[in-house]
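Residue numbering restarts at 1 for every chain, and letters A, B, ... go by the order of the sequence lines.
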Amino acid sequence: MPRYNPAALEPKWQDFWQQNRVFAAPRLPQGPKLYVLDMFPYPSGNGLHVGHPEGYTATDIVCRYNRMRGRSVLHPMGWDAFGLPAEQHAKKTGTHPRTTTEANIDNFRRQLKMLGFSYDWDRELATTDVNYFRWTQFIFLKLFDTWFDPQQQRGRPIAELPIPDDVEGEAAAAIYRDEHRLAYQLEAPVNWCPALGTVLSNEEVVGGLSERGSHPVMRIPLRQWMLRITAYADRLENDLEGLDWSDSIKALQRNWIGRSTGAEVDFFIGTMGTDDGMPLTGEYEGWQTDRTAAGYPRKPGDEVLRIYTTRPDTLFGATYMVIAPEHPFVERLTRAEHADTVRAYCEEAGRKSDLDRTDLAKGKTGVFTGSYAINPVSDEAIPIWVADYVLISYGTGAIMAVPAHDTRDFEFAVEFGLPITAVVDPGEGADIPRDELLAGKVAFIADGTAINSGPYDGLSTPEFKKKIAADLDTKGQGRSAVNYKLRDWLFSRQHFWGEPFPILHELDDRGKPTGVVRALEPDDLPLDLPEDMKFDASHDSPEPPLDSAPDDWLYVTLDGKRYKRETNTMPQWAGSCWYYLRFLDPKNDEVLIDPEVEKAWMPVDLYVGGAEHAVLHLLYARFWHKVLYDYGYVSTAEPFQKLVNQGMILGQMEFTARQWPDGTFYHQAEWTSDITPEGNYVKPGSLPTTTVKVPANKVKKHGENFVWQDHPEAYVDNRSYKMSKSRGNVINPDEVVAEYGADSLRLYEMFMGPLESVKPWSMEGVSGVRGFLDRVWRMIIDARAETIVLNAAVQDIEPSAEQNRMLHKTIKAVTEDLDQMAFNTAIARMMEFTNFFTKEDPRPRSAMEQFVQLLSPFAPHICEELWQALGRDETLTLHPWPEFDESAIKEDTIEIPVQILGKLRSRIRVPADADRAALEKAAREDPRIIELVADKTIVKAIVIPGRMVNFVVK
RNA sequence: GCGAGAGUGGCGGAGUUGGCAGACGCGCUGGAUUUAGGAUCCAGUGGAUAACAUCCAUGCGGGUUCGAGUCCCGCCUCUCGCACCA
C-alpha cells in the first residue's frame, strides 16, 4: 500500500541529512560562495508561527538549488534569545530566564528540523550564549573607545581625538573625550510602568498605556547609554545606493534618517534681565561687533537662542520664536508675571506622552514667556513663546517661526494672533492666491521669489539660501547646517535578561559614584550575568534589576579603587547587530571573527526576513558593521548585499454580516458611513449592529456584493485579518505538518503568491498542493503495490519529441523562475508537467528523474524518496541541476493569432520560422479572415514574426 | 498631511521589450468509478445571449497606438510606513 506518507518519510530523511552532515559548510568556501541568511527568530514560548517558514522555505529553496548548481553554500540558523518575556516569566515563577529560553529554543529547533531546512546546525548560536555575548561586549568596548572624525568620515580610537586649546586640564579633557565617544551616557526620559515593574520601549507604549495590560506609563529621567549612530547618518544614507534592496526599503531607511539641510542662526536675547523683556540695544550692538570679529562659536553662549531652519531665506518673515518646553532657557526667559502659566504649561507637556503631543487633530497650544529676541536680519524684537509643537530632540529645540511660510507656525500664529508677514512671492499661476498670502490668510510653503526682505528682494529661494548662509557666516551669526530625524540610539534597558555592559562606575569613600567610568579590558570578557539572582514580582523601582544583584558581582575593587558595575543591560537589538558575522566563525575564542574567513564569505548574498525589521534592525546592524569596517574587522562597507522582505501571512478569509439588535441584517440600501472602530454600523434610534460570522459556503454573490444565502438581504463583508491569539485565527505549523506533511506546508507557502506580498492563509490551498504531491507520487510510484516500486508506466525509454519538449520547457521555466525567486510560478510549471505526464504511458525514467531534481528544493523529503525509488542511491541534494536544451523546446509549427483592428478574429498554424511575408500571406489566405474582410479593404498589415498578425481595414 | 506599494473571475494569483487576458491552484457544476469517501479519474467553469458567432470585461475617466492589464494625464479605493523633524 505505499501511498504517499509524509509522516513516515520526512523524519527518515531528516535523520539521514543530519547523520551525514549533508549541509555542513566548510570553513572556507570551495568554489563560488553563497551566504544565505534568515533573520533569526526570537524563540517565543508560543513556538513557530506560519510566518516563519515562509522566509525560511524561500531561502532553503535558494540554498538547495544553488548547492545543486555547484555553489558553496553557507546557511546558518540561530536564536535572538534575549527578551522581556523570559524575564516576566521569571518574575512570576522564579524560573531563571536562561532555563525558559533554552526550553523555547529546543522547541523552535525541533520545529525547524521538522520542516527539513538545510541549515548547517554545527554553526547554531544564541545571543544569550556567554561565548557569543562576550564579543557583543567586545564590540561595545570598541564603540566606547571610538570617536567619529567628521573630516575623514570614519570612526577612530578615542586616544587620537584632538583636544581643543580651550579645554584645559586632564579632567576637562576626559569629559571632552566622553562627549565624543560613540557610546556615551545621558539623562534621558524612559517609559516607566509601575504596574509591570519595568521600563518599556516606545513601541511598547500605546496612547500612554502599556501595550500589554494597558497600565499607565510615566516618563521619568534616568541615566542611559546612548550610541552615536547619527555620526554615521550620511554614510548610512549614501551606501544604500549600491545595495540590491527594494526601492521601498531604501526609501524607508532614507526617510528614517531624514537628512535635511539648512542653517543654524543665533538670535540675540541678551544676558541681562530687563523689565520689558527686551534685550538692550547697546548690548546687542556690542555682540554684533564681537561676533563679526570672533566668528560663529561651536557652542552657543547664554546671550543667544540658537535655532535651526531649512528656510533661512524666510528670516525676514520670522515674527516670533518658539522653544520646546524642555529647553534649558525656559526658566531664564520666563518673566515673573508669566512664571505660573509657563511652569504649568511645561509640567503639563511633560506629563503628556509623545503620542498625545503629536496628535495633529488637536490644535496648537503654547504660552508667552514675556521675553524677546532680536531678529538678526531686521534688528526687530520678536516675542519668544513656549510650545510643545517644537521638539527638544530635533535641531536645537528652538525655532524661528515664519507663519506665512510654514503651516505649523501659521496655525499657531492664527491661534494666538501673532503677526504674519509674507516674504516669499509664489508668483503668477501658483496654487496659492498671492493676495490672500499677503493678507495673512494662507501659508505658502513652496519656493518662490523674495519680497519684504530688504536687500535680498527679488532673489529666488535657492539663491537666497546660498547668499544668506554666506552673509550670516561673515557676520558670525549663523552657518549652514545639516540635521537628521534619526536620533542617537538609546542603548540601555532596565532589564536583567540582556547583555551586561562591560563598564565600571568609580565610587567615592561614601560609596557614591564619582562620575568617572572605567571600561573593562577586552581580556576580562566575558562578563556574565550573576547566577544567583532572585526574581521578584514585587520589584517596583525603575532602577535596573541588576541593582539588587549579589554584592560579589556588583562591586569590584581594581587598583585600590572601588567600583560598581553598570546595572543597565543592552537592548535586544545588540545581539542581532552582528550575528551574521559570528555564524562564519562561531567557535573562535581568539577574535570575534577570523579575517580570512570573513573575507571569504562576506557579504551576506541574500538576507530574508519580515518587513517589521526594515528600519531599526537593518540600520543598527549597518551602523555596527561600519564601525567594525573602520577598524578593519570586516572587509565590506555593507553587510547585506541583497535583501528581500517576505510579506505577512494573514488568517483565513472571514465572512461577516452585521445584525441589528432587532434581528434584521444590515443591507446595502441602508448604507451609512457611521461605523464603529470594530466595523459595526450605527443608526439613529438603535444600538449598533453586532458581527455575525457567515460560513464560507453560504456566501453568494449578488450584483456587486456578497450576501448570505440564508438571509439574502444581508450584506456580507469579506476580509482577511492579521493572525492573532485574540481573533483565534492563528495557524499552528505543527498541526499542518501532522495533517499534510512538511513538504506540503513548504510548497503551499511558496505557492500562495509572490514572496513579498501579503497573502491570506487557506487550508484548502494546502490540501491542493498536497493533492499535487500525491499525483507526483503516483506518477512515479505504484500506489497499489505492497512495497515501494516504480509505477509500471515508468520505463527506460527515450522520451518522445513532445515529452522531451515538456521536460525541457519545465526545466527552463523552473530554472529561470528560481533565479528570480518566483517560486509560485515555478510550482505552477511543475504542476503542468505533472498534469501532462500522468496522462503519458510509458513515462521515460530520465524525465521522471530530472523532474524530481527540479522539485527537490521545494519538497526535499518526497524527492529524496522518489530519487531512491528511481534507483539512485546517493543523496539528491548534491546532484547537479538539470540543464535544458533550447533545441528540444523548439516547435516545428506554431499557432499565430490574427487580428482585425486589434481584435482577435482567427488563428493560423505556420512554420515556427515563418518570415513576415509568409505570415502575412498565410493570414490573408485564412478562410475566416477572407470572409471577414470580403467587403473591406486592408489598408495596412502589422506582422510580428513568431507573434501575431494584425490587419487594419476600412 | 508626507512617503511607498497595490487594485485582474467566487477566492489565491499568472500575464516577457505594449502583441491570443485569466497560466497554475482552490472553489463550483456535471459525469465515471467505488460498499463508502473530505479518495481517484474525465469534462466544464469571467459575464451576457439560443448560439461552436457576437458583444462586454483587468478600480474610474481621458489620452497615445494598428493594438493597452502593461505607457501617459487626472481621479477613486485599499494596505503599509512615518507622522508638528522647523
Under 4.0 Å between a side-chain nitrogen and a carboxylate oxygen: does that hold for A:Arg928 and A:Glu931? yes
Flag the pair A:Trp777 / A:Phe772 as yes when their ring centroid distance falls below 6.0 Å, and as no otherwise. no
Under-3.5 Å donor-acceptor pair between A:Arg947 side chain and B:U17 base: yes
How is A:Glu832 classified with respect to the nucleic acid when contacts are heavy atoms under 4.0 Å: base, sugar-phosphate, or nothing? sugar-phosphate
Is B:G27 in the syn range, within 90° of 0, or in the anti range? anti
Are A:Lys903 and B:C56 close enough that a side-chain N or O sits under 4.0 Å from OP1 or OP2? yes
In whole Å, what separates the C1' atom of B:A50 from that of B:G59? 34 Å
Of the nucleotides B:G25, B:C66, B:G19, which one has an atom closest to the side chain of A:Lys940? B:C66
Please classify the nucleic acid contact of A:Lys839 as base, sugar-phosphate, or nothing, using heavy-atom distances under 4.0 Å. sugar-phosphate
Checking A:Thr365 against A:Tyr345: is there a side-chain donor and acceptor pair closer than 3.5 Å? yes
Indicate, with yes or no, if the rings of A:Tyr389 and A:Phe412 have centres closer together than 6.0 Å. yes
To the nearest angstrom, how far is A:Asp717 atom CG from B:C78 atom C1'? 13 Å
Please determine, for the side chain of A:Arg829, which listed nucleotide (B:A23, B:G19, B:C24) has the closest atom? B:A23
Which part of the nucleic acid, if any, lies within reach of A:Ser762 when heavy atoms closer than 4.0 Å are counted: base, sugar-phosphate only, or nothing? nothing
Counting side-chain heavy atoms from CB outward, which of B:G13, B:C84, B:G25 is closest to A:Pro760? B:G13
Interatomic distance, A:Ile896 CD1 vs B:C20 C1' [rounded to whole Å]: 10 Å
Integer angstrom distance from the C1' of B:G7 to that of B:U70: 14 Å
Sorted by first residue and then second, give each salt bridge (charged side-chain N to carboxylate O under 4.0 Å, His left out) pair with at least one member in residues 810-821 of chain A; sequence neighbours left out. A:Lys812-A:Glu886
For a quick check of understanding: with a heavy-atom distance under 4.0 Å over all strands, which category does A:Gly768 fall into, base, sugar-phosphate or nothing? sugar-phosphate
Reckon A:Val758 touches a base, only the sugar-phosphate, or nothing at all at heavy-atom distances under 4.0 Å? sugar-phosphate
Sugar-phosphate only, base, or nothing, as touched by A:Leu252 at under 4.0 Å among non-hydrogen atoms: sugar-phosphate
Closest listed nucleotide, where the reference is the side chain of A:Arg778 and the choices are B:C24, B:C41, B:C56: B:C41
What is the nucleic acid contact for A:Arg770, judged by heavy atoms within less than 4.0 Å: base, sugar-phosphate only, or nothing? nothing
Reckon A:Glu739 touches a base, only the sugar-phosphate, or nothing at all at heavy-atom distances under 4.0 Å? base
Any base atoms under 4.0 Å from A:Phe951, or only sugar-phosphate, or nothing? Heavy atoms, all strands. nothing
Here the distance between atom P of B:G12 and atom CD of A:Gln652, to the nearest Å, is 12 Å
Could you tell me how far B:U34 sits from B:U29 if I compare only their P atoms? Round to whole Å. 23 Å
Work out how far the C1' atom of B:G47 is from that of B:A57, and round it to whole angstrom. 7 Å
Consider the side chain of A:Pro754, meaning its heavy atoms from C-beta on, and name the nucleotide among B:C24, B:A14, B:C42 that approaches it most closely. B:A14
What is the separation between atom CD on A:Gln253 and atom C1' on B:A4, rounded to the nearest whole Å? 14 Å
Charged N to carboxylate O under 4.0 angstrom, A:Lys364 versus A:Glu411? yes
Grab the two heavy atoms, one from A:Asp388 and one from A:Ala349, that are nearest each other, plus how far apart they are. CB-CB, 4.4 Å
Of the candidates B:G27, B:C20, B:G25, the side chain of A:Arg775 sits closest to B:G25
Could you tell me how far apart A:Phe706 (CZ) and B:C11 (C1') are, to the nearest whole angstrom? 8 Å
Checking A:Thr893 against A:Arg909: is there a side-chain donor and acceptor pair closer than 3.5 Å? yes
Find the distance A:Phe655:CZ to B:G12:C1' and express it as a whole number of Å. 12 Å
Choose from B:C20, B:C26, B:C84 the nucleotide whose nearest atom is closest to any side-chain atom of A:Arg907. B:C20
Decide whether A:Tyr394 and A:Ser260 meet the rule of one side-chain donor and one side-chain acceptor closer than 3.5 Å. yes
When Watson-Crick pairs (N1 to N3 and N6-O4 or O6-N4) and G-U wobble pairs (N1-O2 and O6-N3) count only below 3.5 Å on both distances, what is the dot-bracket string of RNA chain B, with | for other-strand pairs? (((((((..(((......[....)))((((((.......))))))(((.....)))..(((((..]....))))))))))))....
Using the P atoms only, state how far B:G69 lies from B:G62, rounded to an integer number of Å. 15 Å
Ring centres of A:Phe416 and A:Tyr320 under 6.0 Å apart? no
Please compare A:Asn255 and A:Ala398 by the position of their nearest nucleotide in RNA chain B and report the one closer to 5'. A:Asn255
Closest-nucleotide 5' rank along RNA chain B - winner of A:Tyr748 and A:Leu932: A:Tyr748
For B:G19 and B:C71, measure between their P atoms and round to the nearest Å. 11 Å
Given B:C66, B:G12, B:U79, which nucleotide is nearest the side-chain atoms of A:Arg719? B:U79
Using a cut-off of 4.0 Å on non-hydrogen atoms, how would the nucleic acid contact of A:Asn835 be classed: base, sugar-phosphate, or nothing? sugar-phosphate
What's the OH-C1' distance between A:Tyr394 and B:C82, to the nearest Å? 14 Å
A:Arg487 and A:Ser393: side chain donor to acceptor below 3.5 Å: yes
So which nucleotide from B:G12, B:C82, B:C66 ends up closest to the side chain of A:Trp256? B:C82
Need one value for A:Ser260: base, sugar-phosphate or nothing, where a base atom within 4.0 Å counts as base even if backbone is also close, heavy atoms only. sugar-phosphate
How far does the C1' atom of B:C28 sit from the matching atom of B:G9, given to the nearest Å? 12 Å
Looking at every strand, decide which applies to A:Arg487 at a 4.0 Å heavy-atom threshold: base, sugar-phosphate, or nothing. base
Proximal nucleotide (of B:A4, B:A86, B:G38) relative to the A:Thr310 side chain: B:A86
Atom C1', compared across B:G22 and B:G44: separation rounded to whole Å: 16 Å
If only side-chain N and O atoms of A:Arg928 are considered, is one of them under 4.0 Å from the OP1 or OP2 phosphate oxygen of B:U54? yes
Pairs flagged by side-chain hydrogen bond (donor to acceptor under 3.5 Å, both in side chains) wherever residues 643-652 of chain A is involved - sequence neighbours left out: A:Gln652-A:Glu764
Regarding A:Met948, tell me which of base, sugar-phosphate or nothing describes its non-hydrogen contacts under 4.0 Å with the strands shown. base
Can you check whether A:Asn824 has a side-chain N or O nearer than 4.0 Å to OP1 or OP2 of B:A23? no
Rounding to an integer number of Å, can you tell me how far A:Gln899 CD sits from B:U54 P? 14 Å
Should the side chain of A:Lys485 and the base of B:C82 be counted as holding a donor-acceptor pair, with the cut-off at 3.5 Å? no
